[in-house]
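Below: one structure, written as structure tokens.
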Amino acid sequence: EVQLVESGGGLVQAGGSLRLSCAASGFTFDDYAIGWFRQAPGKEREGVSCISSSDGSTYYADSVKGRFTISSDNAKNTVYLQMNSLKPEDTAVYYCAASIGGLDGSRWYRLFEYDYWGQGTQVTVSS
């Protein structure tokens, strides 16, 4: 059974940093992508970033480019999202998700492309 568990959320002041972790278990797939999504109160869930296992390609939403960095540690089966220069508008529940078969730049942000989802971790940025 595939499980994704997020951690690392919390309360931080604007301009601060957090690092989210997505620990994956039950994975036996050779080609997959891990994405980070977020959902703020009253808003739709949106793609934040994605990393592809096949070639390490990374993708970012325009709103986080230059501030967030996605990375993976295959030995630990963990994907990280380093979030710097946080803004109040980054406040949301952050979810990681796994897509079997990998994704490219035209598909990574589509929720329906993902097969497994974590439970989410709250990130709150105070002004």
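Hydrogens, waters and symmetry mates are skipped; everything else that's a heavy atom, side chains included, is used.
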Item to check | Residue Gln119 excluded, over 12 heavy atoms near CD under 6.0 Å | outcome: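 Result for CD/Gln119: open.
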Please answer whether the main-chain N or O of [Y] pairs with a side-chain N or O of [X] as donor and acceptor at a distance below 3.5 Å.
{"X": "Asp62", "Y": "Lys65", "value": "no"}
{"X": "Arg67", "Y": "Ser85", "value": "yes"}
{"X": "Thr121", "Y": "Gly9", "value": "yes"}
{"X": "Glu6", "Y": "Cys96", "value": "yes"}
{"X": "Thr78", "Y": "Asp73", "value": "no"}
{"X": "Ser63", "Y": "Ala61", "value": "no"}
{"X": "Asp115", "Y": "Ile100", "value": "yes"}

Checklist entry - Partners of Tyr109 by side chain to side chain contact (heavy atoms under 4.5 Å, CB included), sequence neighbours excluded? => result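 Listed in chain order: nothing, the list is empty.
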Item to check | Partner set under salt bridge (Lys or Arg N to Asp or Glu O under 4.0 Å) for Glu46, not counting sequence neighbours | outcome: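 With neighbours one apart ignored, the set is Arg38.
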Checklist entry - Between Met83 and Val123, is any pair of side-chain heavy atoms under 4.5 Å apart? => result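 Yes - at least one pair of side-chain heavy atoms lies under 4.5 Å apart.
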Checklist entry - Would a 4.5 Å heavy-atom cut-off, applied to side chains only, mark Ser17 and Gln82 as touching? => result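 Ser17 vs Gln82: side chains touch.
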Checklist entry - About how many Å separate OG1 of Thr91 and CG of Leu86, when rounded to the nearest 0.5 Å? => result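 The CG atom of Leu86 sits 8.5 Å away from the OG1 atom of Thr91.
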Checklist entry - When the aromatic ring centroids of Phe37 and Trp117 are compared, is their separation below 6.0 Å? => result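 Phe37 vs Trp117: aromatic centres under 6.0 Å.
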Next on the checklist: Hydrogens and angles aside, do Thr124 and Gln122 bring a side-chain donor and acceptor to less than 3.5 Å of each other?
Outcome noted: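 Yes, side-chain donor-acceptor contact under 3.5 Å.
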Checklist entry - Relative to the ring of Trp108, is the ring of Tyr59 parallel (under 30°), tilted (30 to 60°) or perpendicular (over 60°)? => result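 Rings of Tyr59 and Trp108: parallel, as their planes differ by under 30°.
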